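The structure appears below as C-alpha cells.
Letters A, B, ... mirror the listed sequences (proteins, then strands); counts begin at 1. The structure presented is a predicted model; accordingly, all values stated were derived computationally and were not measured.
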Amino acid sequence: MNAECPVCGAQIQLAADAVQGELIECPDCGTELEVVSVNPPQVKEAPQEEEDWGQ
Amino acid sequence: MTKIKVSIVGASGYTGGELLRLLLFHPNVEINQVTSESYTGKFVYKVHPNLRKATQLKFSSASELQQCDVLFLCLPHNSSQNKIDFYKSIAPKIIDLSADFRLKNQDEYEKWYGHKHVRPELLKEFVYGIPELHREEMKNANYISSAGCNATASILGLYPLFKNDLVFEDRTVIEVKAGSSEGGNKVNEGSHHPERSGVVRSYMPTKHRHTAEILQELSFGKNIQVHFSATAIDIVRGLLATCHVFLKKDLEEKDIWKIYRDAYGNEPFIRIVKENDGIYRYPEPKLLSGTNYCDIGFKKDENSNRLVVISAIDNLMKGAAGQALQAFNIMFGFDERTGLEFTGLHPI
Amino acid sequence: MTKIKVSIVGASGYTGGELLRLLLFHPNVEINQVTSESYTGKFVYKVHPNLRKATQLKFSSASELQQCDVLFLCLPHNSSQNKIDFYKSIAPKIIDLSADFRLKNQDEYEKWYGHKHVRPELLKEFVYGIPELHREEMKNANYISSAGCNATASILGLYPLFKNDLVFEDRTVIEVKAGSSEGGNKVNEGSHHPERSGVVRSYMPTKHRHTAEILQELSFGKNIQVHFSATAIDIVRGLLATCHVFLKKDLEEKDIWKIYRDAYGNEPFIRIVKENDGIYRYPEPKLLSGTNYCDIGFKKDENSNRLVVISAIDNLMKGAAGQALQAFNIMFGFDERTGLEFTGLHPI
C-alpha cells in the first residue's frame, strides 16, 4: 500500500521504519511531505514558505 | 560480439563531430570512415579538438566511401536528397540528420523550404527521428530522419497534451531561446564575437522551418496552428522552449503531473523537472550540455486556462547527435542508453 | 568482481558532487554513504541537479558513518586535520581533497595558512596527490592528499623544466586565470551575478596559498621562488596558468618539445597542445570541462631567454575530483583511466 503525494500524485512507498510526523521528500516532485499516518500510509504537504527571488 | 560498422558523411561540422565523439565510445560500434571534403586526409581532432588523444582517425573523401552497416548523414540541407541513391548503395541503413526527409508531405516541404523536394517518393521510407514517439517503427526501420532541435524540444513538451486532445488547436505559442551552436561552424557577420556576445537577438520571429515538423507530429489528423518564434541568446549549447497552450477544460497541476507521468514515466531520457525549492526548479539547458536528456516542466496559470510548458535540451545532443544515436540503438536492439550515459556537469 | 566500498564526507559541495558523479559511473565502486550535515536525509540531486534520474541516493550525517574501504574527505580547510582519528577509524584508506595534509613542512603550513597545524606528525603519512609526480608512492599509500587546482596546473606545466634544472630558480612568474566554481557553492557579496558577471578581478595578486605546494614540488632541494598571481574571469569551470620562466641556456623549441615528450609522452591525462593552425592552438580550459586532462603548451620568446608555458585544466576535475579518482585507481591497481574516459565537449 502506498501513500499518494498531494502535490503531484506520485505513489510513495513509506520506509519500513517510517514514523508519524516524519518529514520525507516526494521522489517525483521533491516536495517536502509530512507522514500523517503509517497505516494506512498517508502524507500531507509540510509547511514551507515560497522563496521569492524578486528576479 | 561483432561490432556494427558505421561511417559518417559530413563529419567536420558540429553535429558530425558530436556524433563522432559518441560513436568513438560506443561499445558495439566500429567506425569505418568519416568524410569531409574540405578536411580530407587531416586528423579529425584538427576540427574537433576535444578528440585530441581520443583517436588518430583521419577524414576521408565521400568518393572513397566503402560498404558499411550504417551511414549517418550530417550534411547541409538539400544534400542528402540529391545523392540518396549513392548513399543507399553504401549502406542498408541510413540515419539522416538533415531536414531533407523529415516531412512526410512534399507540399509542406515545398511551402517551408521554398523549393520542390527532389525525391518525394522516398519521404515515406524515412521514420521521423523522435524515439519517444516512433520507437516501434524504428525497430525495423532501414531509414530514419533525425528531428530538428527546436522541433524536438517543442514536440516532446506538448505531445501528451495534443495526444489527449486537452488544448485548443490554434492557440499554441512557442518561444525558443537558442544558442550559437545551432548555426553550425560556418562564420558569418552575425557570429562575429563582438556582435554576437551578449545579444538577445530575435532571429526568427516567424516562419521558422521547424514549425512544419511540430505541425506534423502534433496534429493527430486535425488542422492545428503553432505560433513559433526563436530568439538567440548568449549561450553556445542549449535550447529552452517555453510553450503557451490553452486548456479546453480546467485541470489541476496534479492532473497535469499524471498526464506527463503516464506519457513519459518509463522514458530513459525524459525527466519531469518541477520543484518548489532549490536553484534549478524548472528545466535548465546548461545542465544538459553533453547529455541526451529532455527536461520538461510546467506551471498552470491560476488566472486563466493557460498552461506554460517548459522544455530544455542540448541542441547538439537530444536535438541532433544524441537522438540519432538513440535511434541507432533502437534500430539494432541495443539498450537505448548505450553510449548515452553521460549525466551532465554541475556547476557549469 | 568485488567492488570497493567508498564513502564521501562533505558531499554537498561542488568538489564532493563532482566526485559523486564520477564514482556513480565507476565500474569497480560501490557507494556506501555520502554525508552532508546541512542536507541529511535529502536526495543528493537536490544540490546536484545533474544527478537527477542517475541516483536515488540520500545524504547521511557524518555521525552515521559505517566502516568502508576508502573515505574521500571533501571538507572545508581545517576540518580534516581536526577529526582525522575519527576518519581513520572509518576506513583504512583516505583521500583528502582539502589543503590540510598537502604540505610536508609544518612551518610552511603555518606560514601560508596562518595557524599551527593540529596534527603535524601525520603530514608525512600523506602522499601529495599529483599522480604524474608520485605514482609509485601512491601504489601502496594508505593516505593521499589531493593537490590544489592552481598548484596542479602550475606544477605540471613547469615540472620537466625544474627537474632538469633548465630555468633560473627565482624568476618564475605565474599568472592564473580562474573561474567562479573555484570559490565553492557558498554565496558571498562578490559572487552576486550583477557583480561577478564579466569581471576581470584581481582577487589574489600575491600570497596565494597554492604557492606553497608549487615551491614544495618544484624545488628539488634548492631554494626557489615563484611569483604567483590569480585573476578571476567570467567562466564557471576552467583554469589557465600562464607561466613565465627564464632559461639558463639557449634552447630551441625542438629541445623543449623533447623535454616535455620525455616527461609526459606516456601519461594518459597530459596532452601537449601547441599547433600552428586551427582555432585552439594553445591549451583552452573550456574544452576540458568534465575531463581529467591537463593540456600544456609553450612558446619560446625569440627576443629573450623567456619561455612561456601555458597549462589548462578543469579545476573541479584534474584540479580536484578527477585527480582524486585517478589516485584512487592507482591505489587499487585499476587502469588509471577507469571512470575518467570523458573526452570533453566541443563546441561548448
| Engaged part of Tyr45(B) at the chain C interface, taking heavy atoms whose separation is under 4.5 Å | side chain
| remark: Assert top hit (heavy-atom pairs under 4.5 Å, partner chain B, pool Arg271(C), Lys46(C), His48(C)) equals Arg271(C)
| request: Name the member of Ser180(C), Gly278(C), Pro268(C), Pro347(C) that forms the most heavy-atom pairs with chain B at distances under 4.5 Å. | output: Pro347(C)
| message | Heavy-atom pairs under 4.5 Å with chain C: which of Val273(B), Asn50(B), Asn185(B) has the most? | response | Asn50(B)
| request: Evaluate side chain to side chain donor-acceptor pair (under 3.5 Å) for Glu182(C) paired with Tyr203(C), printing each intermediate quantity in order. | output: CA-CA 12 Å; Glu182(C) 220 178 277; Tyr203(C) 75 102; 3.2 Å; yes
| request: Between chain B and each of Leu51(C), Asp277(C), Leu316(C), Asp295(C), count heavy-atom pairs under 4.5 Å; write down the option with the most. | output: Asp277(C)
| said: Determine whether a donor-acceptor pair (N or O, by modelled atom type, separation under 3.5 Å) exists between the side chain of Lys286(C) and the backbone of Ile348(C). | reply: yes
| said: What part of Ile272(C) gets within 4.5 angstrom of chain B, counting heavy atoms only: side chain, backbone, both, or neither? | reply: neither
| said: Within 45 degrees of the ring normal and closer than 6.0 Å to the centroid, is that where the cationic atom of Lys274(B) sits relative to Phe298(B)? | reply: yes
| After noting the C-alpha distance and the side-chain angles of Phe59(C) and Thr35(C), does the key distance pass the side-chain contact (heavy atoms from CB on, under 4.5 Å) rule? | CA-CA 5 Å; Phe59(C) 289 111; Thr35(C) 81; over 6 Å; no
| Side-chain contact, heavy-atom cut-off 4.5 Å: Leu325(B) with Met317(B)? | no
| No-hydrogen, no-angle side-chain donor-acceptor test under 3.5 Å, Gln323(B) and Asn292(B) | no
| field | Top contributor to chain B contacts, counting heavy-atom pairs under 4.5 Å, from Gly179(C), Ser289(C), Pro49(C) | value | Pro49(C)
| query | Is it the side chain or the backbone of Glu341(B) that comes within 4.5 Å of chain C heavy atoms, both, or neither? | reply | both
| task | Could you check Val6(B) against Phe72(B) for side-chain contact (heavy atoms from CB on, under 4.5 Å), going step by step and ending with a plain yes or no? | result | CA-CA 8 Å; Val6(B) 305; Phe72(B) 288 93; 4.2 Å; yes
| said: Can you tell me which portion of Arg237(B) sits under 4.5 Å from chain C's heavy atoms? Options are side chain, backbone, both or neither. | reply: side chain
| message | I'd like to verify something: which residue of Leu345(B), Leu287(B), Val236(B) has the highest number of heavy-atom pairs under 4.5 Å with chain C? | response | Leu345(B)
| Parallel, tilted or perpendicular: which describes the rings of Tyr280(C) and His346(C), with under 30° parallel and over 60° perpendicular? | perpendicular
| said: Less than 4.5 Å to any heavy atom of chain C: does that hold for the side chain of Val47(B), its backbone, both, or neither? | reply: backbone
| field | Greater than 12 external heavy atoms within 6.0 Å of Arg281(C)'s CZ | value | yes
| task | Can you label the angle between the Phe342(C) ring and the Phe342(B) ring as parallel, tilted or perpendicular, going by 30° and 60°? | result | parallel
| Heavy-atom contacts under 4.5 Å, residues 15-30 of chain B to chain C | Glu18(B), Arg21(B), Phe25(B)
| Is atom NZ of Lys177(C) surrounded by more than 12 heavy atoms (other residues, nucleotides or ligands) closer than 6.0 Å? | yes
